[in-house]
**Student:** 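This is the structure I have questions about; it appears just below.
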Amino acid sequence: MKIIKAKDYDDMSKIAAQIIGAQITLKPDCVLGLATGSTPIGTYSMLADWCSKGYLDFASVTTFNLDEYLGLDPQHDQSYRHYMNSNLFNKINIKIENTNVPNGKAVDVDKECMAYENKIEGLDGITLQLLGIGNNGHIGFNEPDDSFSKSTHCVRLADNTIEANARFFDSIDMVPKKAITMGIGTIMKAKKAILIANGEGKREILKKSLFGPITPRVPASILQLHPDLTVITDNSL
Ligand code: PGA
């Protein structure tokens, strides 16, 4: 594990964007795993800026997002498809058909999960996975549990995740209770992973995840076993 101490949010975002940009330059047809939430917004904005200046070319890149709320239409302004289109995809030269976000309106959710996992495997897995971390240690929507999940599946969101995400909705009752998420196994199979986390609020959970016992009660703790993990944070750990 490599830990990079960033000066602040902008510095963290720039370092993450540089690593992703270098990956695209080295392997233009790479497969990126992408995250949502407030943490990656600065990273996406830098990637979009570099693409608009002609420094980066996303024409051959494929992306897979970690998760999506179940029941939200892709057009819903809080769906992760909408987030990705507005924060990144609409600002870069990626082919929209090469961007993958689980379908939150799938009629057969199990089939959707299996198809998502198979599509990732069919492309020889994820080259570089970008991750945020939840206050409870979740990665993707893999909430604290009794065991680590293997592949893409449907989850019930933890109460503290619903509370944390209520800030994006008109009321807490509007936050979906379920989601589709890549599994811990899917994430761990990514060839490289970058974890970004900023602000004092993430310090304790980062410390617990990176230096505490490896347990499904702290899902991100499994990342200690990832062979190529880079953590970028403005926190002193
Ligand atoms: P945040 O969410 O970036 O909005 O803090 C991170 C997460 O829940 O994974």
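One-based numbering, in listed order, for ligands and for the atoms of each.
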**Student:** Below the 3.5 angstrom mark, is there an N/O of T39, backbone or side chain, next to an N/O of ligand 1?
**Tutor:**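 Yes: some nitrogen or oxygen of T39 is under 3.5 Å from one in ligand 1.
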
**Student:** Identify, by atom number and element, the atoms of ligand 1 in contact range of R167, meaning under 4.0 Å from any of its heavy atoms.
**Tutor:**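 Near R167, the atoms of ligand 1 are 4 (O).
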
**Student:** Give the residue and atom name of whichever protein heavy atom lies nearest to atom 8 (O) of ligand 1, and the separation in Å to one decimal.
**Tutor:**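 Among all protein heavy atoms, the one nearest atom 8 (O) of ligand 1 is H138 NE2, 2.7 Å.
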
**Student:** Of the protein's non-hydrogen atoms, which lies at the shortest distance from atom 5 (O) of ligand 1, and what is that distance?
**Tutor:**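 It is K202 NZ, 2.6 Å.
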
**Student:** Indicate whether any N or O donor in one side chain lies under 3.5 Å from an N or O acceptor in the other, for R203 and T233.
**Tutor:**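 T233 and R203 do not have a side-chain donor-acceptor pair below 3.5 Å.
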
**Student:** Among P40, A35, A197, G37, which residue places a heavy atom closest to atom 2 (O) of ligand 1?
**Tutor:**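 Result: the heavy atom closest to atom 2 (O) of ligand 1 is in G37.
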
**Student:** With a 4.0 Å heavy-atom cut-off (strictly under), which part of I133 contacts ligand 1: side chain, backbone, both or neither?
**Tutor:**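 The answer is the backbone.
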
**Student:** Do the side chains of E117 and K150 get close enough for a salt bridge, i.e. N-O under 4.0 angstrom?
**Tutor:**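 So E117 does not pair with K150 through a salt bridge.
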
**Student:** Indicate the ring-plane relationship of Y80 and F141, choosing parallel, tilted or perpendicular according to the 30° and 60° boundaries.
**Tutor:**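 The arrangement is parallel - the two ring planes meet at less than 30°.
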
**Student:** Applying ring pair (Phe, Tyr, Trp, His ring centres under 6.0 Å) to Y69 and F169, what does each step give before you reach the verdict?
**Tutor:** CA-CA 13 Å; Y69 289 116; F169 290 82; 5.7 Å; yes

**Student:** Assess whether a salt bridge exists between D10 and K14, defined as any Lys/Arg side-chain N lying under 4.0 Å from an Asp/Glu carboxylate O.
**Tutor:**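 Salt bridge absent between D10 and K14.
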
